[in-house]
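Please read these numbers as outputs of a predicted model, since none were measured by experiment.
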Amino acid sequence: MPFGELVCGAPGSGKSTYCYGKHQLFTALNRPISIVNLDPANDNIPYPCAIDIASLIALQDVMDGHGLSLNGGMLYCMEYLDANFDWLEARLKELGSDAYVLFDVPGQVELSTNHEALKHIVQRLTKIGFRLAAVHLCDAHYVTDAAKYVSVLLLSLRTMLQLELPHVNVLSKVDLIAQYGDLDFNLDFYTEVQDLSYLENALNTSSPRHAALNMALCSVIEDYSLVGFETLAVEDKASMLHLTRAIDRATGYIFVPPHDAPAPEGTLEASSIPASMRPNTFSLFSSAAGPMVGSVGDVQERWIDAREQWDAFERKEWRQEGEMIREAREREKAMQGERRGKSGIRERK
């Protein structure tokens with residue numbers, strides 16, 4: 001039973017960068033990962049691509065052959081993939097039953113909000129055994145403007161209702177948020193989507209003619225009470241690990257016993273079936289169901305309130321770590337030299 005993520009979001013939200021960062025992280029953790037590029041307009045793919053939609057259909061050929069614009073050609077390509085899903089299914093089977101797959105989706109938001117092609121593809125992936133979570137990336141700088149923040153909430157809510165998957169909304173590029181000005185509230189106000197009536201003054205100041213409409217939209221978001229956000233700084237290991245744990249909880253991967261997992265006898269079923277299909281009661285009743293480590297307050301302190309101090313602290317830690325590694329290598333070379341010298345003395349004797 002393969003697991004995976006459907007990585008979606010508006011153009012420029014950092015989807016491909018996130019996929020590349022996730023590949024680097026999982027490679028370091030010795031976790032299996034494969035990335036599927038479903039964006040036919042993505043010509044500069046930064047990550048190793050296991051499956052590329054360009055092998056099935058070319059966007060430029062579609063635009064030239066049917067006289068379509070970029071957006072129209074993109075929709076055609078996704079409809080073509082939906083109609084030829086067996087091509088994708090055959091290549092996914094080659095990845096194995098324990099694969100962890102990232103699907104890099106095009107940035108056209110209509111694909112994940114109202115167009116049916118991507119939804120049909122997701123439903124077919126679920127039917128062939130994939131346990132997916134939608135990872136919806138939103139640029140964190142939108143929270144610095146009340147109107148943009150409400151629009152991001154509406155986009156996230158519509159995506160959740162359309163895709164019908166376990167859903168993790170993410171404020172990406174949180175490490176750059178300080179460049180766009182001060183926040184009106186603490187970061188947890190935006191990630192937890194607290195009482196939106198506090199945005200009334202800011203919304204009315206920016207667009208007084210639409211005051212009633214703004215508050216009606218806020219009321220819709222609060223009535224559903226579905227939207228919340230994780231944060232992401234893709235170059236920060238702690239941030240990537242925190243988001244990975246959140247996604248693993250959403251997909252259920254956290255309950256899959258890792259290879260050679262230390263667990264009490266009898267809690268893991270010893271059989272030849274893939275690890276992703278084995279019951280794991282030890283994880284179910286232990287730390288897997290516990291609270292998440294870390295808080296939004298820590299993120300705010302790291303990237304907004306005390307970024308310069310944290311940067312200086314990390315640089316100091318990196319220097320010390322580098323010096324320790326260098327000293328360890330020098331000691332190892334010295335020990336090797338001593339061993340060679342002793343072996344030479346024995347040979348002469």
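Nearest heavy-atom pair across Gly12 and Asp139 is O-OD2, 4.0 Å. For Val234 against Gly21, the heavy-atom pair with the smallest separation is CG2-CA, 4.3 Å. Residue Leu111 comes nearest to Met74 through the heavy atom pair CD1-CG, 4.3 Å, listed as atom of the first residue, atom of the second, then distance. Closest non-hydrogen pair, Ser172 versus Ser13, comes out as OG-O, 2.7 Å. Nearest approach of Gly73 to Leu68, heavy atoms of both residues: N-CB, 3.8 Å. Between Phe189 and Tyr149, the shortest heavy-atom distance links the atoms O-OH, 3.9 Å.
Val135 and Leu157 fall into different hydrophobic clusters, where Ile, Leu, Val, Met, Phe, Trp and Tyr side chains are chained together by heavy-atom contacts under 4.5 Å. Leu176 and Tyr142 are members of different hydrophobic clusters when ILVMFWY side chains are connected at heavy-atom separations under 4.5 Å. Ile304 and Val170 fall into different hydrophobic clusters, where Ile, Leu, Val, Met, Phe, Trp and Tyr side chains are chained together by heavy-atom contacts under 4.5 Å. Clustering ILVMFWY residues whenever any of their side-chain heavy atoms sit less than 4.5 angstrom apart, transitively, puts Val109 in a cluster other than the one holding Leu163. Following chains of ILVMFWY side-chain contacts shorter than 4.5 Å, one can reach Leu29 starting from Tyr47, so the two form part of one hydrophobic cluster.
In summary, Asp311 and Arg302 engage in a salt bridge, as defined by a charged side-chain N under 4.0 Å from a carboxylate O.
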Chi angles and distances behind the side-chain contact (heavy atoms from CB on, under 4.5 Å) call for Leu88, Arg124: CA-CA 10 Å; Leu88 179 61; Arg124 293 187 175 190; over 6 Å; no
From CA spacing to verdict: side-chain contact (heavy atoms from CB on, under 4.5 Å), Ile128, Lys93: CA-CA 10 Å; Ile128 64 174; Lys93 286 182 179 179; over 6 Å; no
Check against side-chain contact (heavy atoms from CB on, under 4.5 Å), Leu196 and Leu153: CA-CA 11 Å; Leu196 297 181; Leu153 291 175; 4.0 Å; yes
side-chain contact (heavy atoms from CB on, under 4.5 Å) between Gln162 and Lys119, worked out: CA-CA 7 Å; Gln162 172 74 4; Lys119 184 176 181 178; 3.8 Å; yes
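Among Leu155, Leu118, Leu6, the single residue meeting the side chain to side chain contact (heavy atoms under 4.5 Å, CB included) criterion with Ser112 is Leu118. The one candidate from Leu95, Ile35, Leu38, Leu56 that meets the side chain to side chain contact (heavy atoms under 4.5 Å, CB included) condition with Ile51 is Leu95. Of the residues Asn169, Val227, Val152, Leu165, the one that meets the side chain to side chain contact (heavy atoms under 4.5 Å, CB included) test with His136 is Asn169.
Atom OG1 of Thr144 is separated from atom OH of Tyr180 by 8.5 Å, given to the nearest 0.5 angstrom. One finds the CG atom of Leu102 at 11.0 Å from the SG atom of Cys49 (value rounded to the nearest 0.5 Å). Separating the CG atom in Asn204 from the CE atom in Met215 is a distance of 7.5 Å, to the nearest 0.5 Å. Once rounded to the nearest 0.5 Å, the distance linking CG of Asn214 with OG of Ser206 reads 6.5 Å. Going from atom CZ of Arg249 over to atom OG1 of Thr244 covers 13.5 Å, rounded to the nearest 0.5 Å. Note that CZ of Arg329 and CZ of Arg326 are 9.5 Å apart. Values are rounded to the nearest 0.5 Å.
Between Met240 and Leu232, the closest side-chain pair of non-hydrogen atoms falls below 4.5 Å. A 4.5 Å side-chain heavy-atom check between Tyr198 and Asp184 finds every atom pair outside the cut-off. Residues Glu116 and Asp82 are not in side-chain contact: their nearest non-hydrogen atoms beyond the backbone lie 4.5 Å or more apart. In this structure the side chain of Pro2 never reaches within 4.5 angstrom of the side chain of Asp98, judged on heavy atoms. Proximity of Leu25 to Leu241: side-chain heavy atoms (C-beta onward) are separated by under 4.5 Å at one or more points. Contact of the Ile53 side chain with the Asp39 side chain is not registered, since no non-hydrogen atoms from C-beta on lie closer than 4.5 Å. The side-chain heavy atoms of Val143 and Thr191, taken from C-beta on, include no pair separated by under 4.5 Å. No side-chain heavy atom of Phe3 sits under 4.5 Å from any side-chain heavy atom of Ile247.
Panel note: side chain Arg315, backbone Trp310; no donor-acceptor pair is recorded below 3.5 Å. Here the side chain of Glu230 pairs no donor or acceptor atom with the backbone of Ala246 at under 3.5 angstrom. Under the 3.5 Å distance criterion, the side-chain polar atoms of Asp52 are left unmatched by any main-chain donor or acceptor of Ser55. A donor-acceptor contact shorter than 3.5 Å links the side chain of Asp236 to the backbone of Ser239. Between the side chain of Lys15 and the backbone N or O of Gly9, at least one donor-acceptor pair lies under 3.5 Å. Listed for the Thr251 side chain is no donor-acceptor partner under 3.5 Å among the backbone atoms of Ala133. Using modelled atom types, one side-chain atom of Arg158 and one backbone atom of Thr113 make a donor-acceptor pair closer than 3.5 Å.
Under the 30°/60° scheme for interplanar angles, the aromatic rings of Tyr80 and Tyr76 are found to lie parallel.
Side-chain atoms of Ser295 and Asp298 form a donor-acceptor pair, as typed in the model, at a separation below 3.5 Å. Under the 3.5 Å distance criterion, with hydrogens and angles disregarded, a donor-acceptor pair is assigned to the side chains of Asp195 and Ser197. Donor-acceptor pairing under 3.5 Å is recorded for the side chains of Glu192 and Gln194. The closest side-chain donor-acceptor pair between Glu79 and His115 falls under 3.5 angstrom.
Enclosure of atom CD in Gln179 by more than 12 non-hydrogen atoms of other residues, nucleotides or ligands within 6.0 angstrom is indicated. Within 6.0 Å of atom CG in Asp182, 12 or fewer heavy atoms from other residues, nucleotides or ligands are found, so the atom counts as exposed in its surroundings. Other residues, nucleotides and ligands contribute more than 12 heavy atoms inside 6.0 Å of the CZ atom of Phe185. At most 12 non-hydrogen atoms from other residues, nucleotides or ligands lie less than 6.0 angstrom from CD of Glu308.
Figure legend: cation-pi geometry between Arg31 and Tyr100, with NZ or CZ positioned under 6.0 Å from the six-membered ring centre and within 45° of its axis.
A side-chain hydrogen bond (donor to acceptor under 3.5 Å, both in side chains) check over residues 16-27, counting only residues at least two apart or in different chains, returns the pairs Glu5-Tyr18, Glu5-Lys22, Ser16-Asn42, Ser16-Asp104, Tyr18-Lys22, Tyr20-Gln24.
In this structure, Tyr190 has its ring center at least 6.0 angstrom away from the ring center of Phe229.
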